[in-house]
Amino acid sequence: MPTPATAPHEFDLPIQGMTCASCAGRVERALRQVAGVSAASVNLASERARVLAPEDAADALLQAVEKAGYAVPLQSLELNIDGMTCASCAGRVERALAKVPGVHRASVNLASEKARVETLGALQPADLIAAVQAAGYQARLPESAPASPAAEKIDRERWAIVLALALSLPLVVPMVAGGFGLPWMLPAWVQFALATPVQFILGARFYRSAWSAVRAGAGNMDLLVALGTSAGYGLSLYLWWRAMPGHMPHLYFEASAVVIALVRLGKYLESRAKRQTGDAIRALQALRPERAVRVREGEEEEVAIADLRLGDLLRVKPGERIPVDGEVVEGQSHADEALISGESLPVPKAPGDPVTGGALNGEGRLLVRATALGAESVLARIIRLVEDAQAAKAPIQKLVDRVSEVFVPTVIGIALLTLFGWLLAGAGLEHALINAVSVLVIACPCALGLATPTAIMAGTGVAARHGILIKDAGALEVAYRVTDVAFDKTGTLTSGEPRLIHLAADDETQALALAGALQRGSEHPLAKAVLDACAERGLTLDAVTDSQALAGRGIQGRIGERALALGNRRLLDEQRQAPGALLDAATAWEAEGRTLSWLLELHPQPRLLGLFAFGDSLKPGAAEAIATLRARGIRNHLITGDNRGSARVVADALGIEDVHAEVLPADKAATVASLTAQGRRVAMVGDGLNDAPALAAADVGIAMGGGTDVAMHAAGITLMRGDPRLVPAALEISRRTYEKIRQNLFWAFVYNLVGIPLAAFGVLNPVLAGAAMALSSVSVVSNALLLKTWTPHFEDASR
């Protein structure tokens, strides 16, 4: 009998990039070629596609649209998940969310207790929440968090643990006394009275969670605890019931009560430690002011941040946080941007300077014009990047997920084998059951589930605090293996602003003053370099008349009776003047890749007055960054579109081994690809629009602060300030974080691989097993928290 066909699912996909009817036709044809698609219709006006296909065809549909040259934008939704206790829980919630029609991808983070869901088109949060509840857990939108503060919840948990320990302690004392040869035991009814409230009132959470797991056809840590402690409690009742009058058998009420108390204590300590892994996000979110002072027609009014509009003028008083991204219109001050960019020193601010929302204003009153609001602000983008990184899963997590799916059923199977194995070996039911209970209690899927996310949260959090934004966990895994770093030159290793490097003239001071007078008022970068040099020497500049720009050649004007000009070699040739004694200097400086300007007197006596050579200055810290990478065995490359002379000067000054000069923007990615083709792990560092393809082509792209949004989008790591020393620092924190992930996973696996057999062979009693299980999760989280002490080497050295 043929199997009835499954009804096709209707996908409603938004399509980006279509501009005409031929685009719609191309997308439609691409979708119809996907296996299982029974119908596809693309609407150019609404920019949407309706597709009838199997529910599991989502990935194939997305790939078909992308291959056709278009994109399907995914919507992202975040949920807070309550009730998870171990990796098995996280996996079950993830699978439940993934089954909801319209969900493309779901990722659940046990450490942050959040789920990140990517959906194809609009999807009601209620559908996702219902799916989580059906799996036995609770879900809510972040903004619908209960009003009760987290501190109150922690206090309630603390008192519950104190009560559990207080009731369990009298049960433990006789056991300890027996170890010292002092046989003493509480009456059975006293043990029963102390253990019962711990088992069924303070331990009720384990039963509720276990029942939810069983009802959903799965298992979790709470099921193991509930089964183990119930077995110990039930065995005690049985031994008490069948005891001879006047004879007191050994009961195991203390085992079940102490295990529950210790596990709750361990989860409490674990929760407190996990909360610290999210400190970086909370610190960034706390920077957002809720209100601002708006200035309209000279009147000040306090308004909510949500009511502001682009272009609004805002008054910022000394000591206040700057409410939004903007530009200083009036006033001078310093801004403390330490928590945003990692810059430890206050940054001077004057009219025309940009300011970042969330930075702390220093000593001056500022009038700021709003230039970015809400999700487009720098702070919002930083928070979004860090949250995305912390929600992402490292590739190694896939192994953990596969293990967690079968962990609880496997442990229950081992416990049953332990029970029947001891019975077959001739042991009594009491001994066999206690060993089986130890197996159930010591097994800990929590440590496995927390090993990766806690390290990622701690690592990305501390990196963000120092101005290093790591986009995802995949970038972490690649960055620590980097063997080569390729740098762009201008704006990355150099300031990107030319300055006067050399000057040759009979009277250098007079020549500089004349050049400065000619350049005054010009916006040309070389003019700024001349004027900066004049300001450094404190020169007074004469007034210029008849000033005139000479297109493609330079500038000319009159100072008193003298007609002067400043320009390039073309201007020199045009005036039929020879370099003369300055020819050797010009030749040498051109070989260095310098830009040359010639100062000429045109009247009353045509003659050459001087030669100026301009060059880009190295960024402070560039040499230290290259030296640090070289000391770690990492090879450095310079990839630039500048001439070979200019590139060679920078490379020699910094000690860079390999130079790729005169590389067109389109060829930068090919240069990077040629390095990766040699089996090298390459990081590309750049800041400009033309660096984006190379950043994407590298194993990991590193976008320098102050660069373009396109470069930051293409990069796996973004540096919030233009300090080259952050490049080795980013690779270092990636290495440290990945080391913590591997350490945590090693100990989590070893703990279970060693602990479960010891319990099965009767080496551990349930009390020790419970204590070890509680300790395992706490130790994994605590190990990850050691990352919070990390500081970039150059910051540490400066203290």
Side-chain angles (χ1 to χ4, degrees), residues 327-332 348-354 490-491 494-590 592-617 642 646:
E327 180 182 311
V328 177
V329 175
E330 179 185 295
Q332 292 189 341
K349 298 295 178 183
D353 289 340
T490 306
T494 65
S495 65
E497 298 178 356
R499 66 184 182 92
L500 183 61
I501 304 295
H502 303 297
L503 169 58
D506 291 337
D507 187 337
E508 293 187 359
T509 301
Q510 184 189 41
L512 183 58
L514 292 173
L518 285 172
Q519 296 280 30
R520 190 160 56 179
S522 173
E523 296 297 326
H524 195 280
L526 296 184
K528 184 179 184 302
V530 170
L531 293 171
D532 286 346
C534 291
E536 288 174 5
R537 300 194 187 188
L539 301 182
T540 302
L541 305 180
D542 295 327
V544 176
T545 59
D546 298 334
S547 180
Q548 179 184 355
L550 305 173
R553 292 163 292 165
I555 191 170
Q556 70 177 25
R558 299 185 69 87
I559 299 177
E561 296 299 322
R562 303 174 72 182
L564 301 164
L566 180 68
N568 55 24
R569 183 62 180 261
R570 184 178 168 190
L571 176 65
L572 186 71
D573 295 338
E574 187 181 88
Q575 294 297 323
R576 294 187 174 86
Q577 294 204 28
L582 297 178
L583 178 60
D584 290 342
T587 303
W589 295 344
E590 278 185 329
E592 292 180 5
R594 308 301 185 190
T595 301
L596 304 184
S597 288
W598 306 83
L599 179 63
L600 311 175
E601 184 177 50
L602 307 179
H603 180 81
Q605 180 184 351
R607 57 178 176 150
L608 179 59
L609 298 179
L611 174 61
F612 297 79
F614 300 91
D616 205 354
S617 59
D642 282 357
S646 178

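- For the pair P351 and G331, the tightest heavy-atom approach, listed with the atom from each and the gap, is CD-O, 3.3 Å.
- Here the CG-CG distance, from L503 to L611, works out to 8.0 Å after rounding to the nearest 0.5 Å.
- Taken from CG in L582 to CD in Q577, the straight-line distance is 11.0 Å, to the nearest 0.5 Å.
- Shown here for A517 and L541, the closest heavy-atom pair between the two residues is N-CD2, 4.1 Å.
- Taking 4.5 Å as the limit, some side-chain heavy atom of L512 sits within range of a side-chain heavy atom of R537.
- Using a 4.5 Å cut-off on side-chain heavy atoms (C-beta onward), P604 and E561 make no contact.
- Annotation for D353 and P348: closest pair OD2-O, 3.9 Å, computed over non-hydrogen atoms.
- Separation of atoms CH2 (W598) and CD (Q575) is listed at 14.0 Å; rounding is to 0.5 Å.
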Item to check | Working for side chain to side chain contact (heavy atoms under 4.5 Å, CB included), residues V530 and L518 | outcome: CA-CA 10 Å; V530 170; L518 285 172; over 6 Å; no
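- For the atom pair CD of Q556 and OG of S547, the computed distance is 8.5 Å after rounding to the nearest 0.5 Å.
- Of all non-hydrogen atoms in Q519 and A527, the two that sit nearest each other are OE1-CB, 3.3 Å.
- Under the 4.5 Å side-chain criterion, counting only non-hydrogen atoms from C-beta, F612 is in contact with L566.
- Here the CG-CG distance, from L600 to L514, works out to 11.5 Å after rounding to the nearest 0.5 Å.
- Between the side chain of N568 and the main chain of L571, a donor-acceptor pair closer than 3.5 Å is present.
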Item to check | Stepwise side chain to side chain contact (heavy atoms under 4.5 Å, CB included) test for F614 and L500 | outcome: CA-CA 5 Å; F614 300 91; L500 183 61; 3.9 Å; yes
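- To the nearest 0.5 angstrom, I559 atom CD1 is 8.5 Å from T545 atom OG1.
- Nearest heavy atom pair, residue G610 against residue A505, reads CA-CB, 3.9 Å.
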Item to check | Worked verdict on R562 versus L609 for side chain to side chain contact (heavy atoms under 4.5 Å, CB included) | outcome: CA-CA 12 Å; R562 303 174 72 182; L609 298 179; 3.8 Å; yes
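- A 6.0 Å sphere centred on CZ of R607 holds more than 12 heavy atoms belonging to other residues, nucleotides or ligands.
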Next on the checklist: Under the criterion side chain to side chain contact (heavy atoms under 4.5 Å, CB included), I'd like the reasoning laid out for R569 against L572: C-alpha separation, chi angles, the key distance, then a yes or no.
Outcome noted: CA-CA 5 Å; R569 183 62 180 261; L572 186 71; 3.7 Å; yes
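- The minimum heavy-atom distance between A613 and R594, with the atom names listed, is CB-CB, 4.0 Å.
- The closest donor-acceptor contact from the side chain of R499 to the backbone of A533 lies at 3.5 Å or more, if one exists at all.
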